[in-house]
Amino acid sequence: MPHLLVQRSHHQQTVFVDDSDRTLFRNLLGEAARAEGVALHAYGLLDGEVRLLATPATAEALGRMMQALGRRYGGAFNRRHARTGGLWEGRFRATVIEPERHLLEAMCYVEDEANWEGGAAVADAGPVSSRGHHLGRRQDSLVADHPVFWALGNTPFDREAAYRALLSAGLPARERAVLEQGVHKGWPLGSPRFIETLAGQTTRRLVPLKRGRPPKPPGGV
């Protein structure tokens, strides 16, 4: 299943000073994803945050990919900028999503031009994000497009035009809040049937407990 993943920097520090940093991270991300069998559908490298949309081949793949990536990039970044210490705010946060309901919204969240100063001109170009790939500006070898994206149109032009319209419309505040809360708390995002299907595959609780005191048992005091 696709996962929306966010890795934030420690104390909101800058972890991508320039495009050379982003290019290095992007290359290391590609190597780690291939090694662990992770299909990358979208990525966004903000100054102090990484956003990914990816489908892992196994339950452990995302964790191993991010661990290897954080270790290799952190060491290289420190050497390049003559610094010491960790870069990241602990473990990454992620949530599994039902693709038919949330994949396109998650793509827009990852590739939103508002994520970068300079807007669309910056977001579409270079190693900043996969947005340019999805708009037909360039081919990105890192990206494995999800079938839901392909379903936007029968031709590349149709898909690019449909996705451009989604980006131009902007992600509604409610959808953005749903995605961010899901990532922060780790609750799966999808229909009740989707959640029920996942519940049959794990012992982990997949929905938050209802607020308030639990109901009294029949005959209770």
Side-chain angles (χ1 to χ4, degrees), residues 2-58 60-95 103 106-135 137-146 149 167 179-180 183-184:
H3 287 63
L4 178 60
L5 180 155
V6 173
Q7 175 78 80
R8 294 189 173 95
S9 66
H10 190 54
H11 293 316
Q12 299 181 326
Q13 65 182 311
T14 296
V15 292
F16 301 113
V17 175
D18 52 30
D19 277 353
S20 293
D21 284 341
R22 290 187 172 90
T23 297
L24 173 61
F25 185 92
R26 183 191 170 282
N27 292 341
L28 294 175
L29 173 61
E31 292 175 10
R34 287 190 292 272
E36 299 299 339
V38 176
L40 295 168
H41 309 308
Y43 66 89
L45 309 183
L46 288 66
D47 288 349
E49 183 176 308
V50 174
R51 296 181 183 179
L52 303 176
L53 182 61
T55 299
T58 67
E60 300 81 17
L62 276 181
R64 289 199 300 256
M65 179 187 78
M66 295 305 293
Q67 184 179 41
L69 181 60
R71 182 173 59 249
R72 294 183 65 189
Y73 180 74
F77 181 90
N78 283 350
R79 288 191 297 273
R80 182 169 189 249
H81 297 288
R83 68 177 298 280
T84 60
L87 293 182
W88 308 107
E89 181 190 62
R91 182 175 170 80
F92 66 87
R93 297 181 181 272
T95 184
L103 187 122
M107 283 181 59
C108 291
Y109 177 73
V110 170
E111 299 179 347
D112 188 349
E113 66 186 64
N115 293 338
W116 297 276
E117 292 185 14
V122 172
D124 291 357
V128 169
S129 79
S130 51
R131 176 186 167 109
H133 170 88
H134 291 121
L135 294 178
R137 305 272 196 264
R138 58 189 176 85
Q139 288 296 311
D140 194 325
S141 60
L142 214 61
V143 177
D145 288 322
H146 193 277
F149 175 76
L167 286 172
L179 291 171
E180 291 181 340
V183 169
H184 180 70

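Using modelled atom types, one finds a donor on one side chain and an acceptor on the other under 3.5 Å when comparing H134 with D145.
Looking at M107 and H146, their side chains never come closer than 4.5 Å, going by heavy atoms from C-beta outward. Side-chain contact between F92 and V50 is absent, with no heavy-atom pair separated by less than 4.5 Å. Within the 4.5 Å cutoff, side-chain heavy atoms of R131 are placed close to those of L167. Contact annotation: the side chain of V15 approaches that of W88 to within less than 4.5 Å [non-hydrogen atoms, C-beta and beyond]. Looking at P2 and T55, their side chains come closer than 4.5 Å, going by heavy atoms from C-beta outward. Two residues are said to be in side-chain contact when any heavy atoms from C-beta on lie closer than 4.5 Å; V110 and N115 fail this criterion. Residues R26 and T23 are not in side-chain contact: their nearest non-hydrogen atoms beyond the backbone lie 4.5 Å or more apart. Between R64 and T58 there is a side-chain heavy-atom pair separated by less than 4.5 Å.
Between the NE2 atom in H3 and the NE2 atom in H41 there is a gap of 10.5 Å [rounded to 0.5 Å]. From E117, atom CD reaches atom CG of L46 across 11.0 Å, with rounding to the nearest 0.5 Å. In this structure, CD in E89 is found 7.5 Å from OG in S9, a value given to the nearest 0.5 Å. Considering CG of L179 and OG1 of T95, their distance stands at 9.0 Å, rounded to 0.5 Å. One distance of note links CD of E111 with CG of L53; it measures 8.5 Å at 0.5 Å rounding. Separating the CZ atom in R138 from the NE2 atom in H133 is a distance of 9.0 Å, to the nearest 0.5 Å.
Judged purely by atom type and a 3.5 angstrom limit, S129 uses its side chain to pair as donor or acceptor with the backbone of A123. A donor-acceptor pair is defined here as one N or O able to donate and one able to accept, closer than 3.5 Å; no such pair exists between the side chain of R51 and the backbone of A106. R22 places a side-chain N or O within 3.5 Å of a backbone atom of L45 that can act as its donor or acceptor partner. With hydrogens and angles disregarded, a donor-acceptor distance shorter than 3.5 Å links the side chain of R93 to the backbone of H184. In this structure, D19 contributes its side chain and P127 its backbone to no donor-acceptor pair below 3.5 Å. For Y43 (side chain) and L29 (main-chain N/O), no donor-acceptor pair under 3.5 Å exists by modelled atom type. W116 places no side-chain N or O within 3.5 Å of a backbone atom of A121 that could act as its donor or acceptor partner. With hydrogens and angles ignored, the 3.5 Å screen pairs a side-chain donor or acceptor of D18 with a backbone N or O of D21.
Around the CD atom of Q12, the shell of radius 6.0 Å holds no more than 12 heavy atoms that belong to other residues, nucleotides or ligands.
A tilted orientation is assigned to the rings of Y73 and F16, their planes being inclined by 30° to 60°.
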So V17 and F77, side chain to side chain contact (heavy atoms under 4.5 Å, CB included) or not? Walk me through it. CA-CA 9 Å; V17 175; F77 181 90; 4.0 Å; yes

Could you please spell out the steps behind the side chain to side chain contact (heavy atoms under 4.5 Å, CB included) verdict for L69 and Q7? CA-CA 11 Å; L69 181 60; Q7 175 78 80; over 6 Å; no

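A pairwise comparison of heavy atoms in A61 and V38 identifies CB-CG2, 3.8 Å as the closest pair.
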